[in-house]
Amino acid sequence: MSTVHELPYVWLNGTLVPRAEATLPIGSAAAFYATNVFEGIRAYWNAADGELYCFRLDAHLRRLRESMKMMRFTIPYRDEELVAAIGDTLRGNEVRDDVHLHLVAYVLGSGLEATAPTGVYINARRRGRMTPPGTGLRCCVSSWTRTSDNAIPIRLKCGANYQNARLALLQAKADGYDAPLFLNRFGKVAEGTGATFFMVRRGQLITPPVTSDVLESITRDTLISEICPRLLGLEVIERDIDRTELYVAEEAFFCGSGYEITPITSIDRLPVGSGEVGPLTRRITEAYMNLVRGIDRRYPEWRTPTYRQAAAA
Ligand code: PMP
């Protein structure tokens with residue numbers, strides 16, 4: 001898995017503060033129950049443009065608002081203010097490199113008040129790819145079940161959901177795997193701990209539907225709506241996936257803002273296809289990485305510039 005390097009400053013409720021001063025009250029719902037919702041967003045350095053591009057900020061902010069609605073709280077910032085705050089965080093840390101940032105909206109007090117006091121922080125870290133190029137993850141089907149929509153919904157991106165992920169990830173590592181793959185309450189394939197799942201079977205790209213206890217992933221949408229059909233001429237089928245289909249898939253990969261496109265080369269110690277990174281996975285990875293970095297110039301509305309943003313203001 002990728003290594004992470006912290007940056008000196010964190011944006012906390014309107015100001016950049018040194019990392020050590022970015023703290024939460026220990027008795028708050030945010031610290032004690034992980035009462036928060038958040039987004040994980042990547043920004044990519046394009047050396048030729050001398051620019052740092054944040055990928056699909058609009059979609060991330062829309063999902064943040066949806067998570068807050070489900071969690072019944074609001075924050076005192078408009079989307080434009082949050083976009084400006086992300087820019088301030090990246091420029092304040094003088095980022096000229098690829099980073100992954102967390103935008104976290106949290107609840108103070110007990111968290112049970114009708115109108116609870118809230119806050120926001122933005123924490124950016126330098127972070128590379130999940131696996132070295134040409135390699136993939138050794139996955140297992142987890143014995144932990146993905147939490148369900150009527151219990152702790154995964155559609156809602158809250159910190160507490162990641163306890164389900166932690167249980168499965170540490171179990172997988174204890175058993176000698178790199179990462180777990182969750183089945184949902186119906187025994188169908190759901191997703192990874194922080195990534196959506198795709199596989200290739202008989203040449204077709206398949207991913208579970210958004211009603212299978214998965215996050216409504218922005219990367220998944222980028223692949224299904226644009227990259228696969230329009231740039232690569234590949235249709236993606238959204239349908240349930242059975243566990244045994246994993247064992248006879250030709251290719252498999254995780255996708256997500258943090259995971260980007262991360263190949264899976266074995267599941268339950270059975271090789272996926274040849275056990276090497278497959279050709280469709282390679283093509284999709286290349287198309288995705290070129291698009292997010294702005295080497296492929298199409299979809300400019302998906303890339304928010306960091307330094308031009310400040311110059312324009
Ligand atoms: N599922 C979960 C549980 C996640 O945490 C993530 C990462 N946000 C994803 C899927 C992928 O979502 P996205 O493509 O929007 O980053």
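In what follows, every heavy atom counts, from backbone to side chain, and hydrogens, waters and symmetry copies are set aside. Counting starts at 1 for both ligands and their atoms, in listed order.
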Output, or 'none' if empty, a list of ligand 1-protein atom pairs in which both atoms are N or O and the distance is under 3.5 Å, rounded to 0.1 Å.
residue	atom	partner	partner atom	Å
ligand 1	1 (N)	E191	OE1	2.7
ligand 1	5 (O)	K157	NZ	3.1
ligand 1	5 (O)	Y162	OH	2.4
ligand 1	8 (N)	K157	NZ	2.9
ligand 1	12 (O)	S217	OG	3.4
ligand 1	14 (O)	S217	OG	2.7
ligand 1	14 (O)	I218	N	3.3
ligand 1	14 (O)	T219	N	2.9
ligand 1	14 (O)	T219	OG1	2.5
ligand 1	15 (O)	R63	NH1	2.7
ligand 1	15 (O)	R63	NH2	3.0
ligand 1	15 (O)	I218	N	2.8
ligand 1	16 (O)	S257	N	2.8
ligand 1	16 (O)	S257	OG	2.6

Report the C-alpha separation of E51 and R303 in whole Å, then their side-chain angles, then the decisive distance to 0.1 Å, and conclude whether the salt bridge (charged side-chain N to carboxylate O under 4.0 Å, His left out) test is met. CA-CA 10 Å; E51 186 54 276; R303 292 180 296 274; over 6 Å; no

So that I can tick it off, tell me whether R126 and D98 are bridged by a salt bridge, with the cut-off set at under 4.0 angstrom between side-chain N and carboxylate O.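 Salt bridge: no.
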
Quick one: are the ring centres of F253 and Y288 less than 6.0 Å apart?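 Judged by ring-centre distance (under 6.0 Å), F253 and Y288 do not meet the cut-off.
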
Parallel, tilted or perpendicular for H102 and H100, by the 30°/60° rule?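 Judged by the thresholds at 30° and 60°, the geometry between H102 and H100 is perpendicular.
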
Between D79 and R65, does a salt bridge (charged side-chain N to carboxylate O under 4.0 Å, His left out) hold up when you go through it step by step? CA-CA 9 Å; D79 281 0; R65 298 280 168 200; 2.8 Å; yes

Testing N164, D178, T193 for side chain to side chain contact (heavy atoms under 4.5 Å, CB included) with L169, which one passes?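 Among N164, D178, T193, the one meeting side chain to side chain contact (heavy atoms under 4.5 Å, CB included) with L169 is T193.
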
